[in-house]
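Working notes for the structure below.
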Amino acid sequence: MTDNVPFKHLYLVDGSGYIFRAFFGIPPMTRPDGTPVNAVFGFTNMLLKLRDDMEADGIAVIFDAGRSSFRMDIYEEYKSHRPEAPEDLIPQFALIREATDALNLPQIEMQGFEADDLIATYARQAKEKGIDVTIVSSDKDLMQLVEPGISMMDPMKNKIIGPDEVFEKFGVQPDKVVDVQALAGDSVDNVPGVPGIGIKTAAQLITEYGDLESLLERAGEIKQPKRREKLQDNAEMARISKQLVTLKQDVPVEVPLEGFATREPVAEVLRPFLEVNAFRSLLARMAKRLGDTPMEVADEAASEDGDPEYELVQDEEALVKWIADAKLKGTVAVDTETTSLDAMSANLVGISLSTGGNKACYIPLDHIAISESGDGGLDLLGGSADRPKQIPKARAIELLKPLLEDPSVLKIGQNIKYDMVIFAQNGISVSPVDDTMLLSYVLEGGMHGHGMDELAELHLDHTTIKFKEVAGTGKSQVTFDKVSLDKALDYAAEDALITYRLHAALKPRLVPEKMATVYETIERPLVKVLADMEQRGIKADRPFLHRLSNNFAQRLVDLQSEIHEIAGEPFTIGSPKQLGEVLFDKLGLPGGKKGKSGSYSTGADILEGLAAEGHTLPTKVLEWRQLSKLKSTYTDALQDQINSKTGRVHTSYAQAVASTGRLSSSDPNLQNIPVRTEEGRKIRDAFIAEDGYKLLSVDYSQVELRLVAEIAKEDALRQAFIDGQDIHAITAHQVFDTPIEGMDPMIRRQAKAINFGIIYGQSAFGLAASLGISRKDAKDYIDAYFGRFPGIKRYMEETKEFAHKYGYVKTLFGRHIHVPSINEKNPMRKNFGERAAINAPIQGTAADIIKRAMIRMPTALDNADLSAKMLLQVHDELIFEVPEAEVEATSEVVRSVMENACDPVLKLSIPLTADAGVGRSWGEAH
DNA sequence: CGCATCACG
DNA sequence: GACGTACGTGATGCGC
């Protein structure tokens with residue numbers, strides 16, 4: 001456990017509380033468009049003072065997430081009397097969030113918990129680490145937290161609230177405040193308390209009896225008959241009240257304390273915010289920070305259209321200047337140039353930085369100059385290379401490390417996971433980070449790709465220099481270390497500058513477009529988790545793969561002869577064209593042409609049909625294809641993918657590729673390792689644990705079907721899951737009217753196919769094809785299904801309608817998935833869009849859930865003192881490498897984190913369940 | 001480089 | 001009446 005929190009004094013700002021105080025305490029103000037902004041001004045001003053005058057080095061702004069909280073489960077009436085917010089205050093709620101972002105301060109909220117609980121939790125965490133805490137609020141409900149090391153500050157009066165002030169208010173020391181509140185109640189929050197007892201009496205009673213429980217136990221001793229009676233009659237109400245007023249200090253918060261180190265505001269974000277709201281006094285005060293004198297501000301803004309200034313950094317002096325500038329600005333775009341797209345085998349060649357404006361630099365570190373022979377005379381053995389002037393790599397790393405690890409400097413990257421892995425290889429743990437690729441992904445997922453070239457075109461109307469233009473293409477392509485420094489400068493510096501500008505264009509959109517939560521609580525924290533998994537890799541048994549490969553090879557040779565024998569001539573079995581000609585022309589099997597290529601279709605379904613008619617050739621070909629696939633894609637390719645340094649396989653997870661929010665895996669893809677056939681499953685035995693360790697695999701049971709039931713609010717299905725019943729059997733029972741007892745496995749199989757087909761919006765045609773039944777039967781099944789589960793039908797219709805109207809659909813966690821094809825004229829594409837729209841919320845919510853589990857996993861394991869490492873994710877499954885002695889405990893922690901991954905944001909009406917398996921290999925564990 | 005095929009959830 | 005027909009991925013080999 002690291003206790004390295006980068007600040008000494010943490011200010012926890014009660015954002016929700018402040019806005020009300022400011023609204024009533026500051027005279028009305030409006031900005032030019034008439035929007036009231038008095039509370040926003042007060043808030044912004046207060047935060048600026050906090051960070052500048054108080055020199056606060058740690059600040060977090062905490063908000064209430066919504067109206068509901070766990071307290072309503074305790075007492076339904078809690079806060080039920082709250083009047084609506086005044087009309088002039090309502091538009092200011094969103095602006096306050098913007099202000100927080102503009103000041104580059106973290107804003108924290110969690111569904112199900114009030115701001116007060118989050119404040120209590122963070123205050124406790126900070127105190128445990130020896131950090132002083134000031135709670136910026138005057139809310140009496142927070143006074144229970146005051147203790148040595150934790151104080152409060154009234155932001156309107158600028159007054160410190162310590163134990164004396166709390167005593168003045170409640171008549172007891174802070175640690176007894178909840179007992180007093182429990183007795184006295186609170187009409188504003190609708191906490192009942194005991195009738196007839198106010199703060200004065202409560203304080204007196206608590207002082208006399210010690211605490212609430214003792215008082216209630218000894219209530220009989222009270223002399224005043226009325227008071228005694230009231231206390232005895234309302235003991236339970238008092239206990240409930242105490243629960244209501246006691247703040248939760250162990251909320252499973254997602255943002256760690258370390259994230260609250262104060263960061264400099266980003267001028268490009270703060271300036272427009274202050275301008276739009278016409279906060280002129282603040283603009284003037286911030287002029288320096290926003291880019292020196294106002295005149296220079298104007299100059300800089302103008303120069304962004306001018307030619308970029310790229311600097312080649314070749315000595316320490318120049319590098320130190322850039323580092324100082326980045327530190328001053330608090331934000332820097334970073335990009336690495338390497339020798340490979342595979343981060344685990346790449347060598348760092350250079351680093352580019354940009355701090356905005358029109359400036360960027362490139363720091364070459366490991367370039368090789370191919371000398372143009374003729375002048376020096378040293379160059380004899382053609383192609384001998386020497387190094388151009390560069391800062392020694394180790395020295396540059398040493399200088400950059402403090403900046404890249406500085407919690408008060410935001411590092412921006414485009415696909416920064418890659419750079420994080422590169423830096424990690426060089427001993428640098430980059431933090432905190434923002435990723436323009438992920439910003440684009442959460443804002444415009446499904447609309448287009450999220451590569452830098454595309455984003456630059458789209459948002460900046462700028463055509464980037466292509467990698468091919470500097471490194472060449474095809475056979476003559478060279479690695480980046482062989483690119484000349486002038487070309488490398490133009491290419492690399494541009495990448496950093498574009499990244500900086502993309503950040504300025506995209507980040508401010510998060511809050512107004514309501515994507516801040518998805519970005520901040522899911523995608524951004526996941527980057528580090530994935531980077532760690534990729535670096536860890538999984539051990540692969542090369543000799544085993546080799547033997548398997550030879551075995552497949554032998555059988556392929558035999559099969560090949562048999563196939564050629566039956567065909568009567570040798571041909572390339574792997575060529576669908578040649579195979580089709582052999583099957584349908586030469587042997588005259590029934591079948592037809594298909595597809596634009598004009599060739600016969602020879603897919604597995606066709607061959608299976610032919611095989612069922614008793615033809616031997618298709619059977620042999622199917623077997624050949626299976627083995628050929630296993631050999632080329634798995635047993636052969638995987639051996640080549642074993643990293644020579646680590647002896648392990650390191651996949652790469654793409655976080656911004658799948659439109660639904662899923663991850664994808666490549667190089668190699670470890671999300672499609674065979675499992676469905678016995679032969680294929682053997683490949684899983686090649687993935688093994690280190691000696692003394694086991695592999696643990698935990699997968700969600702039927703997540704997507706559970707989510708369909710949940711999202712569609714389909715009670716019949718929900719009940720089945722709540723009761724833990726066999727969902728496919730239930731479906732069969734409903735659709736075919738078959739008793740569940742002694743059900744024919746074939747019937748259940750059909751129901752299973754229907755269940756999955758539904759998730760994808762399958763038609764009668766598709767179901768008929770996948771079950772090999774008539775279309776009429778398929779249609780009857782589907783009709784019966786919708787008849788029994790009308791909620792599903794309704795969900796499908798409503799989702800299509802929503803997608804047509806808005807062009808996107810949403811997951812339960814608020815992720816937007818754009819489905820542009822839904823409004824196309826071409827009915828085929830439109831239908832395609834509709835099916836995608838139906839599926840996306842389901843697949844996407846499942847993706848959100850497992851991502852949440854993954855983010856929490858390292859901390860959960862650490863807290864349980866377990867050293868297991870998460871290695872792989874396969875959509876609904878997580879794979880860990882676990883010390884043998886910790887298997888049981890780890891299994892429980894992992895399951896619990898996975899099953900509770902929706903907490904506390906979302907309360908599903910059905911449980912999620914996860915099943916664990918353990919083994920020496922992945923095959924055994926599954 | 002597009003297409004067909006097939007591996008996974 | 002025809003058209004097409006289940007969502008989301010990545011890797012491989014063929015053939016142009």
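Every chain is numbered from 1, with letters handed out A, B, ... down the list of sequences.
Here the separation of C/dG4 from B/dC3, taken at their P atoms, is 16 Å to the nearest Å. As rounded to the nearest Å, B/dA7 and C/dC3 have C1' atoms that lie 30 Å from one another.
Residues that satisfy the salt bridge (Lys or Arg N to Asp or Glu O under 4.0 Å) test with A/E534, not counting sequence neighbours, are A/K417. For A/Q655, the side-chain contact (heavy atoms from CB on, under 4.5 Å) criterion is met by A/L438, A/E523, A/L526, A/V527, A/L530, A/L663, not counting sequence neighbours. With sequence neighbours left out, A/R542 forms a salt bridge (Lys or Arg N to Asp or Glu O under 4.0 Å) with no residue at all. A/A836 pairs by the side-chain contact (heavy atoms from CB on, under 4.5 Å) definition with A/V819, not counting sequence neighbours.
Listed by first then second residue, pairs satisfying salt bridge (charged side-chain N to carboxylate O under 4.0 Å, His left out) with a partner in residues 662-677 of chain A read A/R662-A/E704, not counting sequence neighbours. A salt bridge (charged side-chain N to carboxylate O under 4.0 Å, His left out) check over residues 747-765 of chain A, counting only residues at least two apart or in different chains, returns the pairs A/D726-A/R748.
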Going by atom type alone, with no hydrogens or angles, which donor-acceptor pairs under 3.5 Å involve a side-chain atom of residues 759-768 of chain A and a protein atom two or more places apart or on another chain?
unit_1 : atom_1 : unit_2 : atom_2 : d
A/Q762 : NE2    : A/G766 : O      : 3.2
A/S763 : OG     : A/F765 : N      : 3.4
A/S763 : OG     : A/G766 : N      : 3.3

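Within residues 572-582 of chain A, the residues having any heavy atom under 4.0 Å from DNA chain C are, by residue number, A/T572, A/G574, A/S575, A/K577, A/Q578. Listed in residue order, the members of residues 836-849 of chain A having a heavy atom less than 4.0 Å from DNA chain C are A/A836, A/N839, A/Q843. A heavy atom lying under 4.0 Å from DNA chain B marks none of the residues of residues 786-813 of chain A. Scanning residues 828-835 of chain A for heavy-atom distances under 4.0 Å to DNA chain C yields A/M828, A/F832, A/R835.
In the interface, the side chain of A/S763 is paired with the base of C/dT5 through a donor and an acceptor atom under 3.5 Å apart.
Protein atom CG of A/N672 is 10 Å distant from nucleotide atom P of C/dT12, rounded to whole Å. A straight line from CG of A/N755 to P of B/dG9 spans 17 Å, rounded to a whole angstrom.
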Note, DNA chain C 5' to 3' with Watson-Crick or G-U pairs under 3.5 Å encoded as ( ), [ ], | and . gives ......|||||||||.

